[in-house]
Amino acid sequence: MGNVTRFILALMMAVLLPHFVVSFSTKTTTNINTDQSALLALKACIVSDAQKILKTNWSAATSVCNWIGVTCGSRHQRVIALNLSSMLLTGTIPSQIGNLSFLTSLDLMNNSFYGFLPDQFTNLYRLKHIDLSWNNFYGEIPYSFPKLQYLSLRNNIFAGEIRSDMFEHLPRLQVLSLSLNKLSSEIPMGLFKCKELQVINFEYNRMMGGILPKEIGNLTMLRILRLGGNMFEGQIPSDLFERLPKLQRLDLGGNQLSGKIPLGLFNCKELQSLNLDSNKLEEILPKEIGNLTMTMLEVLDLDNNLLKGKRKTGGCYFS
Ligand SMILES: *[C@@H]1O[C@H](CO)[C@@H](O)[C@H](O)[C@H]1NC(C)=O
Ligand SMILES: *[C@@H]1O[C@H](CO)[C@@H](O)[C@H](O)[C@H]1NC(C)=O
Ligand SMILES: *[C@@H]1O[C@H](CO)[C@@H](O)[C@H](O)[C@H]1NC(C)=O
Ligand SMILES: *[C@@H]1O[C@H](CO)[C@@H](O)[C@H](O)[C@H]1NC(C)=O
Ligand SMILES: *[C@@H]1O[C@H](CO)[C@@H](O)[C@H](O)[C@H]1NC(C)=O
Ligand SMILES: *[C@@H]1O[C@H](CO)[C@@H](O)[C@H](O)[C@H]1NC(C)=O
């Protein structure tokens with residue numbers, strides 16, 4: 001290599017290197033100021049704040065860590081939790097929410113937030129807890145969070161099909177509530193990859209339906225299963241309850257289920273509440289029902305079926 005070539009190379013390095021360093025650092029460095037601008041963007045999307053909570057309290061003059069509803073982590077001094085539940089807020093969620101990169105918990109329940117959740121929402125890969133219940137969100141359900149344990153979208157206006165791969169990317173999910181929306185799909189098979197699920201609530205979507213997948217029975221941690229007020233049909237799979245020893249609450253009421261109540265249900269010794277009303281279940285009420293009423297059962301509702309067996313009374317509530 002000649003001296004001239006070397007000189008030109010060195011010159012190019014000298015000119016280009018700082019450029020690389022600068023562009024690299026602006027891409028990766030986020031800090032508490034990033035969190036502040038994300039939260040100010042959220043504040044700007046609030047169209048009604050009846051109690052003037054954010055209006056007066058979320059002031060750029062004080063650290064975001066002192067703002068109402070905001071929690072910062074002690075290690076990085078970054079926003080780790082945002083809780084604006086029950087604050088009478090109306091507004092939308094801006095794309096800047098995706099810049100709250102240390103966020104582990106988001107609770108906006110019981111407000112009047114509306115609209116789509118921005119694509120950038122799925123950048124929040126540290127989230128463990130999302131509660132958006134009792135708002136007016138619609139559009140695509142957020143679906144890819146490697147650490148998410150709790151997801152409640154109860155009482156919003158999410159409609160249509162649940163995307164088939166929705167649950168493939170929620171490996172740690174323990175609590176799932178999509179009840180009181182307008183969903184119309186079957187239960188996606190990917191759900192049964194969420195081995196840690198303890199609570200499933202799809203109640204009152206009215207249009208969710210299809211056959212009950214027997215794979216529900218593989219979710220051995222399940223404590224609560226609520227599918228009432230939908231259009232599930234066909235027989236309850238006979239082995240559905242063989243491996244659900246922790247089941248405490250089962251609500252399949254208000255569907256189109258037919259056939260017999262599987263005897264395996266009576267292996268669920270922890271069962272406290274059983275609601276199968278308003279279906280087309282038939283045949284004799286199994287005498288094993290007595291095994292439940294002797295133990296934990298507090299609520300039993302089998303009304304409006306085609307059952308012929310005798311009802312036992314005593315100790316528990318028969319509606
Ligand atoms: C905002 O609210 C927090 C918590 O109630 C309080 O500690 C803080 O002083 C308030 N800040 C302002 C600027 O009102
Ligand atoms: C949010 O705040 C409310 C009221 O203080 C509280 O009941 C709720 O548990 C909080 N949510 C989370 C996720 O901690
Ligand atoms: C919802 O928010 C309103 C207004 O803050 C409050 O009065 C009500 O108790 C809240 N409901 C629930 C279920 O938290
Ligand atoms: C935050 O998010 C917005 C929109 O997603 C983006 O344009 C912006 O550059 C991001 N970064 C910072 C540091 O605010
Ligand atoms: C459910 O469990 C059965 C029996 O252990 C197994 O053969 C089947 O592959 C499991 N299904 C799913 C979807 O995990
Ligand atoms: C119900 O209880 C009786 C008497 O304890 C017992 O013989 C029977 O095996 C039990 N049935 C089931 C399904 O657990």
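Please read all numbers here as calculations on a predicted model, not as lab measurements. Ligands are counted one by one from 1 in listed order, and the atoms in each one are counted from 1 as well.
If you number the atoms of ligand 2 from 1 as listed, the ones under 4.0 Å from a heavy atom of S105 come out as 13 (C). Counting the atoms of ligand 4 from 1 in the order shown, those under 4.0 Å from a heavy atom of S95 are 4 (C), 5 (O). Of all the atoms in ligand 4, the ones that sit under 4.0 Å from a non-hydrogen atom of N99 are 1 (C), 2 (O), 3 (C), 8 (C), 10 (C), 11 (N), 12 (C), 14 (O). For ligand 4 and T34, the ligand atoms under 4.0 Å from any heavy atom of the residue are 12 (C), 13 (C). Remark: ligand 4 atoms within the under-4.0 Å shell around heavy atoms of Q120 are 5 (O).
Residue F241 forms a side-chain contact (heavy atoms from CB on, under 4.5 Å) with just one option from N267, L250, I216, and that option is L250.
For F202 and F232, the gap between ring centers reaches or exceeds 6.0 Å.
Classified by interplanar angle (parallel below 30°, tilted 30° to 60°, perpendicular above 60°), the ring pair F121/F145 is perpendicular.
Close N/O approach between N83 and ligand 2 is found [any backbone or side-chain N/O within under 3.5 Å]. Backbone and side-chain nitrogen or oxygen atoms of H129 are examined, and none is located within less than 3.5 angstrom of a nitrogen or oxygen of ligand 2.
Salt-bridge check for K214 with D239: failed, with every basic side-chain N at 4.0 Å or more from each acidic carboxylate O. Between E282 and K260 there is no salt bridge, since none of the side-chain N atoms of the basic residue sits less than 4.0 Å from a carboxylate O of the acidic one. Ion pairing between a basic and an acidic side chain is recognised when a charged N comes within 4.0 Å of a carboxylate O; R223 and E270 show no such pairing.
Side-chain contact, R243 with T220: no donor N or O sits under 3.5 Å from an acceptor N or O.
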Do any nitrogen or oxygen atoms of ligand 3 lie under 3.5 Å from a protein nitrogen or oxygen, and which ones?
residue, atom, partner, partner atom, Å
ligand 3, 2 (O), N110, ND2, 2.3
ligand 3, 5 (O), S86, O, 3.0
ligand 3, 11 (N), N110, ND2, 2.8
ligand 3, 14 (O), S86, OG, 3.4
ligand 3, 14 (O), N110, ND2, 3.3

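Residues L108 and I97 are members of one and the same hydrophobic cluster, defined by side-chain heavy-atom contacts under 4.5 angstrom among Ile, Leu, Val, Met, Phe, Trp and Tyr.
Using a distance-only test at 3.5 Å, with no hydrogens or angles considered, a donor-acceptor pair links the side chain of N205 to the main chain of L178.
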